[in-house]
Number of protein chains: 2
Amino acid sequence: MTTRSSTDANRVIPEATVARLPVYLRALTALADSGIRTCSSEDLAIAAGVNSAKLRKDLSHLGSYGTRGVGYDVDYLRYQIAREIGVTQDWPVVIVGIGNLGHALANYSGFRSRGFRVVALLDADPQLIGQTVAGVAVRAFDELEAIVQEHDVAIGVIATPAVAAQSVADRMVAIGITSILNFAPAVVAVPDGVDVRKVDLSIELQILAYHEQRKANGADAAAAAAAAVTVDGGAA
Amino acid sequence: MTTRSSTDANRVIPEATVARLPVYLRALTALADSGIRTCSSEDLAIAAGVNSAKLRKDLSHLGSYGTRGVGYDVDYLRYQIAREIGVTQDWPVVIVGIGNLGHALANYSGFRSRGFRVVALLDADPQLIGQTVAGVAVRAFDELEAIVQEHDVAIGVIATPAVAAQSVADRMVAIGITSILNFAPAVVAVPDGVDVRKVDLSIELQILAYHEQRKANGADAAAAAAAAVTVDGGAA
DNA sequence: CCAATTTTGTTCTCACGTTCACAAACTCCT
DNA sequence: AGGAGTTTGTGAACGTGAGAACAAAATTGG
């Protein structure tokens with residue numbers, strides 16, 4: 001029916017797989033930097049910290065890029081994954097909120113080397129405007145629309161305080177941004193068709209704390225079971 | 001068999017639920033700050049950005065803390081969740097790697113208010129040692145063991161460059177740290193019994209890029225299907 | 001006190017993701 | 001050429017999670 005190129009753009013890649021593709025990409029880059037030209041699924045799985053069956057199944061969703069009995073060509077597979085993710089060209093990105101975290105993000109060299117280019121830093125604070133961070137001038141939040149249109153920006157990063165997050169997101173969506181990476185500790189609601197990913201530092205720590213507490217309570221409980229003592233407060 | 005307190009410490013809470021509990025906790029805090037004393041699962045679900053059936057099922061894993069026909073007492077539920085996560089007391093945390101990101105983390109006020117206390121900042125760079133960041137002196141990485149033992153630290157944060165991440169993690173594990181939050185763009189391997197959570201900025205952006213590319217290709221493909229043009233490069 | 005209303009906690013079903021296990025396909029060696 | 005040895009790609013079994021739907025339990029009003 002529809003004319004297609006060699007790879008079928010209709011296939012759906014499971015979300016869980018999509019989340020691991022960047023890990024594989026990084027592992028392949030590391031292998032290539034070590035001068036390795038070919039690797040087995042087992043080698044790559046170890047480098048990526050997953051099990052090899054999962055890796056093979058993940059890759060099978062992209063197509064058949066390996067050779068049975070041989071393995072994968074590192075550069076070829078790396079290119080295929082990069083193309084699948086869409087990082088063979090650079091994506092322009094704007095960062096809103098140039099506080100501590102915004103500074104760190106602006107200075108993060110990993111963006112540039114992994115397919116992203118920070119085209120603007122924005123803040124609402126007049127005192128920050130005009131300052132240069134990581135070689136980029138901080139501009140007024142009001143300039144968002146002009147910048148997005150000029151550079152055809154699709155991805156926005158929110159690094160503001162929590163109270164500002166929703167209004168910044170609303171503004172981004174109104175202007176046509178369709179992917180948002182939110183570092184503010186707040187839930188932002190967006191319409192269908194807009195993707196939001198959230199990175200929340202204290203949530204990550206709280207998840208660790210939960211498991212840490214369970215480890216401690218588990219040890220307590222084991223001791224308690226032996227000593228027949230009531231388990232309650234844990235590490236008091 | 002074993003003596004237990006009122007809540008059954010044996011129950012397992014699904015990992016997906018654990019990951020949402022901090023979100024509920026934050027939403028409850030926001031509601032409490034607005035002076036709201038009681039809320040329904042629907043109210044809380046909206047505040048937390050989830051669906052109410054999922055919220056109720058999540059809470060049911062903790063126990064039965066609501067009242068049918070009424071809803072949940074905000075303060076009571078908040079306390080129960082905080083207790084379940086283990087953030088009714090502060091957890092001491094060490095941050096290793098005081099670069100851009102380490103600075104931002106050290107200055108992040110959300111840690112303190114959500115159950116964590118930064119007890120030390122460590123770096124291998126002699127030039128940084130002795131400087132004060134967010135009121136805490138940067139100390140030599142070698143002091144890790146003494147600090148961990150003094151403060152009974154269980155949680156470590158890695159904010160170093162990728163190359164250093166594994167050796168820092170190894171050292172942390174050897175000293176007795178059992179939970180690691182890794183911001184370095186590298187896979188770190190740890191033995192069983194140690195939890196690692198990874199926060200990777202460029203991976204998050206790459207996941208967004210994938211979906212962004214699909215949106216663009218979907219639009220292209222729709223146009224192409226009408227025009228009978230081959231779909232391949234996408235946004236070239 | 002009883003019926004109507006509200007809202008929780010739980011059951012059931014379906015979808016998604018992970019892991020195992022193996023046939024297919026390739027190379028290498030004799 | 002043919003068999004032995006590797007390694008991929010995938011089918012099938014299993015486990016976890018999401019969402020709909022509803023019974024149980026509380027309040028409210030007459």
Side-chain angles (χ1 to χ4, degrees), chain A residues 6-8 11-24 27-28 31 36-78 80-81 84 192 207 210-211, chain B residues 6-8 11-24 27-28 31 36-78 80-81 84 192 207 210-211:
Chain A
S6 57
T7 55
D8 183 357
R11 68 196 172 331
V12 293
I13 297 186
E15 198 49 42
T17 297
V18 171
R20 283 187 293 265
L21 290 180
V23 179
Y24 303 155
L28 283 166
L31 291 177
I36 296 171
R37 316 280 299 184
T38 297
C39 69
S40 68
S41 62
E42 187 64 33
D43 298 336
L44 183 52
I46 290 170
V50 301
N51 120 356
S52 65
K54 195 191 297 194
L55 170 71
R56 286 199 302 278
K57 176 147 285 191
D58 283 341
L59 294 184
S60 76
H61 292 295
L62 311 192
S64 196
Y65 296 134
T67 307
R68 298 178 190 216
V70 178
Y72 301 93
D73 181 280
V74 171
D75 280 335
Y76 179 61
L77 182 58
R78 185 162 58 132
Q80 292 299 338
I81 293 178
E84 189 69 41
D192 283 355
I207 295 169
Y210 169 81
H211 291 292
Chain B
S6 56
T7 54
D8 184 356
R11 69 200 172 328
V12 293
I13 297 186
E15 198 51 40
T17 297
V18 171
R20 284 186 292 266
L21 290 180
V23 179
Y24 303 154
L28 284 165
L31 290 176
I36 295 170
R37 317 280 300 180
T38 297
C39 68
S40 68
S41 62
E42 188 64 32
D43 298 335
L44 183 53
I46 290 169
V50 300
N51 121 356
S52 65
K54 195 191 305 196
L55 171 70
R56 287 199 301 278
K57 185 180 279 190
D58 283 341
L59 295 184
S60 76
H61 289 114
L62 313 192
S64 196
Y65 296 133
T67 306
R68 298 178 192 216
V70 178
Y72 301 92
D73 181 281
V74 171
D75 279 335
Y76 179 63
L77 182 58
R78 184 162 59 131
Q80 293 299 339
I81 293 178
E84 189 68 41
D192 283 355
I207 295 169
Y210 169 81
H211 292 292

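The analysis underlying the following values was restricted to heavy atoms, covering all of them including side chains, and did not include hydrogens, waters or symmetry mates. Please read these numbers as outputs of a predicted model, since none were measured by experiment.
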A/L55 CG - C/dT18 P separation (whole Å): 12 Å
Step-by-step side-chain contact (heavy atoms from CB on, under 4.5 Å) determination, A/V50 to A/D58: CA-CA 11 Å; A/V50 301; A/D58 283 341; over 6 Å; no
Working for side-chain contact (heavy atoms from CB on, under 4.5 Å), residues B/L44 and B/V74: CA-CA 9 Å; B/L44 183 53; B/V74 171; over 6 Å; no
Which heavy-atom pair separates B/N51 from B/A53 by the least distance, and what is that distance? OD1-N, 2.7 Å
Reading nucleotides 22-30 of chain D from 5' to 3' and marking B where a protein heavy atom lies under 4.0 Å of the base, S where only the sugar-phosphate is that close, and - otherwise, the string is --BBSS---
Expressed as a whole number of angstroms, how long is the span from A/K57:NZ to C/dC22:C1'? 13 Å
Where B/C39 and B/L28 come nearest, the two heavy atoms and their spacing: SG-CD2, 4.4 Å
Hey, mind stepping through A/L59 and A/Y65 against side-chain contact (heavy atoms from CB on, under 4.5 Å) and telling me if it holds? CA-CA 8 Å; A/L59 294 184; A/Y65 296 134; over 6 Å; no
From CG of A/L62 over to C1' of D/dT10, roughly how many Å is that when rounded to an integer? 15 Å
Contact list for DNA chain D against residues 38-52 of chain B - heavy-atom distance below 4.0 Å: B/N51
Any idea which heavy atoms bring A/Y24 and A/A48 closest together, and the distance? CD2-CB, 3.7 Å
Can you check side-chain contact (heavy atoms from CB on, under 4.5 Å) on A/L77 and A/D73, steps first, answer last? CA-CA 6 Å; A/L77 182 58; A/D73 181 280; over 6 Å; no
In whole angstrom, what separates B/H61's NE2 from C/dT8's P? 17 Å
Would you name the heavy atoms of B/S40 and B/Y72 that are closest together and state the gap between them? C-CD1, 4.3 Å
Give me the atom names and distance for the closest heavy-atom approach of A/L62 to A/E84. CD2-CG, 3.7 Å
Which residue lies toward the 5' end of DNA chain C, A/K54 or B/Y72, if each is placed at its nearest nucleotide? B/Y72
For B/L59 and C/dT10, what is the distance between atoms CG and P respectively, to the nearest whole Å? 11 Å
From CD1 of A/I13 across to C1' of C/dC16 the rounded distance in Å is 16 Å
Which whole-number value in Å describes the distance from A/Y65 OH to C/dA25 P? 19 Å
